[in-house]
Amino acid sequence: MKSMKRIVSVVLLVVMLFAFAACGGNEENPSGTSTGDYDFDGATITIYCDENTGSGDDNENFLSYASSSVEAETLQERIAQMEEDYNCTIEVTTVATDIEKQVSSLIASNSKGSVDIIFARSYYLRKWGNADYLVDVNEYSDIVDYTDSFRWGTKNTLELLTCNGKMIGVTPACFVDQLPPFYYVIVSNDKLVMDAGFLDPNVYLEEGTWNRDTFIQMIDECTDASRGIYGLDTGVETFLTLSMLSNGAKIYDETTGRTGFRGTAAVNGLSWGVDVLNNHSASIYLNDDFHEMLYAGNAALGTCDAVETSKTVAKNTSISDSTNNTGFSILNFPYGPDVSEEDEANVACGYISTTLNALCIPIIASDVEMSAVVMETLFRPLDIYPDFESLKAYYKNSIYWDDNDVELIYSLAEKAEYNYWVEGFSNVLDTIANNAMTNGANAALESVVNTIDNMLTQNGIIENKEGFATYWE
């Protein structure tokens with residue numbers, strides 16, 4: 001069934017693209033872009049891209065799309081139309097190495113107008129935002145409506161674009177291949193799973209039988225040492241962090257104003273995770289999330305970030321190849337016993353991290369309104385994906401093997417908490433994991449909870465969460 005769906009989906013996608021090209025998008029405005037309501041008096045608007053969003057030495061990408069793609073061609077047409085309508089020049093510049101140093105230097109020297117928009121990974125934006133180098137989204141929210149989740153990202157995702165209590169950017173969520181950076185989902189190599197006697201993994205989700213017992217059983221029974229097959233490919237910190245979060249633990253507990261890692265949910269979840277890693281070590285390949293065995297087709301399950309599933313996983317023929325009837329499924333890290341069925345609506349089993357392509361306006365932009373208009377117009381939905389349902393249909397028809405896969409990714413991301421990776425929280429998670437494996441869950445958590453509480457205050461995390469909340473009042 002899955003392989004047939006993939007064959008049909010490719011045909012449908014080709015038909016959609018042919019129809020799009022034949023119709024020219026929009027009869028009144030073929031490029032589907034600007035309206036001519038502004039005159040920028042011949043100004044030049046410069047967009048800076050990093051190595052992830054711009055072109056490389058061979059000019060193979062354009063604004064995160066392959067230069068030869070329909071999407072890139074559409075964006076280039078938009079720019080030409082905007083230059084005519086708005087009486088301006090739009091320059092797209094790629095800083096392929098060390099964009100952080102170059103942009104920081106330009107901002108620090110107050111090089112007005114040298115950069116008007118930045119399209120880069122969010123970990124760069126957070127560093128500039130924490131230095132007050134970026135314009136508050138509120139200053140241009142009359143043009144860029146950040147509350148439009150389809151256009152600019154869900155509320156939970158946008159917390160990672162908030163610094164010092166101010167939202168400093170958005171993400172072009174309406175573009176394809178811009179999934180929210182949820183860490184981590186479980187990816188199953190369906191052939192290995194079903195060869196071991198299990199059903200299609202999605203069946204367990206649909207029937208409500210996907211739980212920790214099924215997870216462990218699958219890890220053990222999919223392992224085949226004679227063929228070098230592991231049940232699970234993961235990392236120690238990843239597995240133990242997910243063990244806590246999937247049991248209801250939170251980095252920050254708004255009801256107490258302290259870290260949620262003080263509670264029994266964290267201790268119980270961490271204890272369970274340590275036991276699994278110790279008692280099923282022959283079935284689990286631990287390699288710091290490089291996914292070596294999963295990508296080689298030698299692991300039945302693996303922990304991957306959501307963005308990676310639409311790219312690396314989907315393109316890996318050892319996991320996803322319709323010609324050989326092999327595919328993958330997306331599963332959540334199973335809920336722990338401290339999470340009731342009612343609680344599942346608010347427990348994400350993971351977190352939001354910083355591998356997000358994001359947009360911002362630096363304080364040295366020549367004109368904030370002009371930058372906002374260009375951002376709003378250039379990064380609007382493509383005609384072929386005008387709304388959230390059509391965007392999800394793209395993922396369902398051309399990337400994933402089951403309709404529920406993309407639905408699960410979005411539902412998990414919409415209730416996940418940003419993990420404040422740039423502010424050093426990843427180091428805390430590493431410390432917890434290493435200590436837990438040596439000294440046990442209780443000792444590991446007791447040794448860091450005061451440190452976490454201090455980080456929440458001293459690193460501005462509580463201030464950030466409180467400030468972020470005001471944008472949604």
Side-chain angles (χ1 to χ4, degrees), residues 183-188 192-193 196 198 201 204-205 208-225 229-251 259-294 299-304 331-341 343-344 347-351 412 419 426 428-449 452:
Y183 283 60
Y184 290 84
V185 294
I186 294 175
V187 172
S188 69
L192 293 181
V193 169
F198 292 92
Y204 299 101
L205 287 175
T209 54
W210 177 245
N211 51 47
R212 288 187 166 179
D213 290 339
T214 303
F215 182 36
I216 293 174
Q217 182 185 7
M218 196 174 287
I219 290 172
D220 284 342
E221 296 185 14
C222 288
T223 299
D224 186 345
I229 303 296
Y230 288 84
L232 176 66
D233 182 347
T234 189
V236 175
E237 179 270 309
T238 292
F239 191 86
L240 295 183
T241 297
L242 297 180
S243 296
M244 291 186 287
L245 297 180
S246 64
N247 200 41
K250 297 181 67 177
I251 295 170
T259 178
F261 283 4
R262 290 183 177 275
T264 57
V267 173
N268 293 340
L270 186 58
S271 296
W272 175 85
V274 169
D275 288 344
V276 172
L277 294 183
N278 283 331
N279 296 330
H280 303 268
S281 58
S283 302
I284 301 175
Y285 183 77
L286 296 173
N287 195 29
D288 297 328
D289 302 311
F290 292 119
H291 315 307
E292 179 182 344
M293 290 298 168
L294 180 68
L301 304 170
T303 49
C304 294
L331 303 162
N332 62 282
F333 199 91
Y335 294 103
D338 290 342
V339 178
S340 67
E341 189 173 341
D343 292 335
E344 291 182 9
V347 175
C349 304
Y351 52 78
L412 291 171
N419 73 330
S426 61
V428 173
L429 296 177
D430 283 332
T431 299
I432 292 172
N434 292 331
N435 285 350
M437 293 300 292
T438 304
N439 303 313
N442 276 295
L445 290 169
E446 286 176 4
S447 69
V448 298
V449 287
I452 298 175

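All values below were derived from every heavy atom in this structure, side-chain atoms included, with hydrogens, water molecules and symmetry-related copies excluded.
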*Does a side-chain heavy-atom distance below 4.5 Å link Phe239 with Thr303?*
no

_Applying side-chain contact (heavy atoms from CB on, under 4.5 Å), can you list everything that pairs with Ser447, at least two apart in sequence or on another chain?_
Asn435

*Shortest non-hydrogen contact from Val267 toward Ala441*: O-CB, 3.8 Å

*Report yes if the side chains of Leu301 and Leu192 come closer than 4.5 Å at any heavy-atom pair, otherwise no.*
no

*Counting N and O atoms only, with roles assigned by atom type, does the side chain of Asp233 sit under 3.5 Å from a partner on the main chain of Leu294, one being a donor and the other an acceptor?*
yes

*Report the distance from atom OH of Tyr335 to atom CD of Glu344, rounding to the nearest 0.5 Å.*
5.0 Å

*Would you call the rings of Tyr183 and Tyr351 parallel, tilted or perpendicular if under 30° counts as parallel and over 60° as perpendicular?*
parallel

*With sequence neighbours left out, which residue pairs that include part of residues 433-448 fulfil the salt bridge (Lys or Arg N to Asp or Glu O under 4.0 Å) condition?*
none

*asked:* Can you tell me how far apart OG (Ser281) and CG (Leu286) are? Round to the nearest 0.5 Å.
replied: 8.5 Å

*In terms of the angle between their ring planes, are Trp210 and Tyr204 parallel, tilted or perpendicular, with boundaries placed at 30° and 60°?*
tilted

*Looking only at heavy atoms, what is the nearest atom pair of Leu270 and Ile432, with distance?*
CD2-CG2, 3.7 Å

I'd like a table of donor-acceptor pairs (distance under 3.5 Å, sequence neighbours excluded) in which one partner is a side-chain atom from residues 212-225, with atom names and distances.
| residue | atom | partner | partner atom | Å |
| --- | --- | --- | --- | --- |
| Arg212 | NH2 | Ser243 | O | 3.1 |
| Arg212 | NH2 | Ser246 | OG | 2.9 |
| Thr214 | OG1 | Thr209 | O | 2.8 |
| Thr214 | OG1 | Asn211 | OD1 | 3.1 |
| Gln217 | NE2 | Glu221 | OE2 | 3.2 |
| Asp220 | OD1 | His280 | ND1 | 3.0 |
| Asp220 | OD1 | Ser283 | OG | 3.2 |
| Asp220 | OD2 | His280 | ND1 | 2.9 |
| Thr223 | OG1 | Ile219 | O | 2.7 |
| Thr223 | OG1 | Gly231 | N | 3.0 |
| Thr223 | OG1 | Ser283 | OG | 3.3 |
| Asp224 | OD1 | Ser226 | N | 3.2 |
| Asp224 | OD1 | Ser226 | OG | 2.5 |
| Asp224 | OD2 | Arg227 | NE | 3.0 |

*asked:* For Asp338, give me all partners under side-chain hydrogen bond (donor to acceptor under 3.5 Å, both in side chains), at least two apart in sequence or on another chain.
replied: Asn247, Asn268

*Within a strict 4.5 Å, meaning less than it, do heavy atoms of the Phe261 and Val428 side chains meet?*
no

_Within the structure provided, determine whether Met244 and Leu445 are in side-chain contact (heavy-atom separation under 4.5 Å)._
yes

_In the structure I gave you, are the side-chain heavy atoms of Asn332 and Val185 within less than 4.5 Å of one another anywhere?_
no

*asked:* Test: salt bridge (Lys or Arg N to Asp or Glu O under 4.0 Å). Region: residues 262-271. Which pairs qualify, not counting sequence neighbours?
replied: Arg262-Asp453

_Nearest 0.5 Å, please: how far is CD1 in Ile186 from CG in Leu242?_
7.5 Å

_Using the side-chain contact (heavy atoms from CB on, under 4.5 Å) criterion, which residues pair with Ala433? Sequence neighbours excluded._
Val236, Glu237, Leu240

